[in-house]
Amino acid sequence: MYGMLFSIKSFVNRISPVDLKDGFSSFKTSKYKCNLYETPSGLKFIMNTDLNVGNIREILHRLYYTVYVEYVVKNPLCKLGQPIKSDLFKTKLDEFVRELPIFPLRAN
Amino acid sequence: MTIFSVFIVNRAGGLIYQYDHNIPRVEIEKTFSYPLELTLRLLDDRVVVSFGQRDGVKVGHTVLGINGINSSGRQLEDGREILEVIADEENYPIAVKFGRPKLTVNEKIMLASMFHSLFAIGSQLSPEPRSSGIEILETDGFKLYCHQTLTGIKFIVLADLRQGAIDILLRKLYEVYADFALKNPFYSIDMPIRCELFDQNLQAAMEQAERTGISNV
């Protein structure tokens with residue numbers, strides 16, 4: 001997935017007829033939508049969603065500063081750049097996603 | 001509001017048709033005094049701004065010309081090396097033209113093949129089974145729409161964010177392809193399309209889509 005997104009970013013920068021501010025933000029297929037938010041430090045937040053979500057750049061930005069910065073960056077036991085093993089982060093992330101308006105309650 | 005360009009890719013991933021309808025030319029010419037505040041470097045045989053931003057000139061812009069003489073690759077048309085001309089204090093004050101470079105034909109072929117692969121990987125990465133490839137690719141400056149036909153031909157359209165009705169345009173382009181390229185006895189399938197009627201009808205279809213498909217999103 002990282003390779004794919006890196007290639008898409010490079011492709012978009014080459015083919016774009018206009019100057020881009022943020023670059024590539026999402027792509028849709030017939031079954032899913034892949035959204036990307038890249039922080040200025042190079043961290044990439046990728047969320048695969050259903051087709052009918054709108055622009056979730058704000059949501060991913062909120063995820064970055066309320067969940068990632070609070071529970072990973074500020075955690076002295078979490079080394080940045082390494083896979084995140086913190087259970088607290090996983091719990092908080094789960095809570096955050098479940099509270100999103102785009103997260104549906106499935107009937108089954 | 002505008003459709004930028006159309007690419008048609010064959011089953012193997014090769015580009016068979018490309019048309020630039022309305023590409024905004026981004027060009028800025030400014031007079032600079034020594035020393036130049038922008039950092040330039042060589043990238044792919046072009047001189048590109050790698051650091052620094054001033055008066056509309058951004059990172060990624062290429063040197064298109066100096067003092068009215070156009071550039072070709074890393075040199076000007078009169079043979080001088082661009083980086084040497086810029087580094088030499090005696091040439092100042094200097095008028096340099098920066099802008100987004102126009103894509104060469106080879107680059108377009110390469111980008112089309114690149115998209116062909118990305119389209120396939122898009123369907124592989126799907127969390128749901130049996131997904132199609134990338135149908136819409138969004139950025140903050142343009143949207144790329146792709147329609148793959150049952151025979152494997154991809155019609156790719158780059159359009160403005162506010163332009164609507166592109167999916168109708170893609171189906172219309174498929175119709176135009178079927179009528180004026182496939183039914184042409186002198187055209188062999190999967191080869192580059194060089195049919196005059198195809199060009200005319202494609203341009204007419206695009207102009208009609210531009211006029212009627214303005215959405216207020």
Side-chain angles (χ1 to χ4, degrees), chain A residues 1-42 44-61 93-94 97-98 100 102-104 106 108, chain B residues 2-5 7 20-26 28 44 56-61 99-103 107-108 110-115 117-146 148 156 158-161 217:
Chain A
M1 183 173 271
Y2 175 71
M4 163 80 161
L5 290 167
F6 184 81
S7 310
I8 292 186
K9 274 193 337 164
S10 157
F11 169 78
V12 158
N13 282 324
R14 292 283 284 270
I15 208 174
S16 172
V18 300
D19 287 323
L20 294 177
K21 227 174 3 96
D22 296 316
F24 158 67
S25 67
S26 66
F27 73 76
K28 257 194 235 187
T29 74
S30 62
K31 299 271 184 196
Y32 76 106
K33 185 175 178 190
C34 176
N35 305 277
L36 167 74
Y37 168 62
E38 187 170 8
T39 70
S41 50
K44 293 169 191 47
F45 287 84
I46 297 152
M47 192 183 264
N48 288 340
T49 65
D50 203 33
L51 289 176
N52 34 24
V53 306
N55 189 321
I56 61 166
R57 195 170 182 274
E58 277 309 308
I59 295 178
L60 289 172
H61 181 60
L93 178 64
D94 201 61
V97 172
R98 279 180 204 283
L100 289 178
I102 56 180
F103 188 86
R106 296 223 170 217
N108 54 354
Chain B
T2 38
I3 299 180
F4 297 126
S5 52
F7 290 72
D20 285 332
H21 183 67
N22 200 343
I23 301 230
R25 285 264 66 108
V26 178
I28 301 151
D44 284 343
V57 181
K58 301 194 170 99
V59 173
H61 280 191
R100 280 197 73 83
K102 196 161 184 296
L103 289 173
E107 286 178 333
K108 289 178 185 171
M110 195 212 66
L111 289 169
S113 312
M114 202 170 172
F115 185 74
S117 317
L118 294 173
F119 182 91
I121 302 178
S123 81
Q124 305 281 336
L125 279 177
S126 169
E128 306 247 355
R130 278 197 300 281
S131 162
S132 78
I134 297 177
E135 292 195 341
I136 304 179
L137 193 141
E138 281 169 41
T139 72
D140 57 339
F142 70 95
K143 261 186 174 177
L144 183 149
Y145 297 82
C146 178
Q148 183 176 45
I156 299 163
L158 269 74
D160 198 65
L161 289 171
V217 174

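Here is the naming used below: chain letters follow the sequence lines, and residue numbers restart at 1 for every chain. All values below were derived from every heavy atom in this structure, side-chain atoms included, with hydrogens, water molecules and symmetry-related copies excluded.
Taking the centre of each ring, His61(A) and Tyr37(A) come in below the 6.0 Å mark.
Contacts of Glu107(B) with chain A are made by side-chain atoms alone, with heavy-atom separations under 4.5 Å and no backbone atom involved. Interface remark: Asn13(A) contributes backbone atoms only to the contact with chain B (heavy atom separation under 4.5 Å). Interface remark: Phe7(B) contributes side-chain atoms only to the contact with chain A (heavy atom separation under 4.5 Å). Both the backbone and the side chain of Ile121(B) have a heavy atom closer than 4.5 Å to some heavy atom of chain A. Residue contact with chain A, scored on non-hydrogen atoms closer than 4.5 Å, involves the side chain of Leu103(B) exclusively. Residue contact with chain A, scored on non-hydrogen atoms closer than 4.5 Å, involves the backbone of Pro129(B) exclusively. Using a 4.5 Å cut-off between heavy atoms, Phe119(B) makes no contact with chain A at all.
Between Arg100(B) and Asp19(A) there is a salt bridge, with a side-chain nitrogen of the basic residue lying less than 4.0 Å from a carboxylate oxygen of the acidic one. Under the 4.0 Å criterion applied to side-chain N and carboxylate O atoms, Lys44(A) and Glu38(A) are assigned as salt-bridge partners.
Interface summary for chain A: among Gly141(B), Pro127(B), Pro24(B), the most heavy-atom pairs under 4.5 angstrom belong to Pro127(B). By number of non-hydrogen pairs under 4.5 angstrom with chain A, the leading residue of Leu118(B), Asp20(B), Ile23(B) is Leu118(B).
For Asp22(A) (side chain) and Asp140(B) (main-chain N/O), no donor-acceptor pair under 3.5 Å exists by modelled atom type. Side chain of Ser30(A) to main chain of Ser132(B): a donor-acceptor pair is present (N/O by atom type, distance under 3.5 Å, no hydrogens or angles).
With rounding to the nearest 0.5 Å, the separation of SG in Cys34(A) from CD in Glu138(B) is 11.5 Å.
Annotation: Arg25(B), atom CZ; neighbour count of heavy atoms from other residues, nucleotides and ligands within 6.0 Å is above 12.
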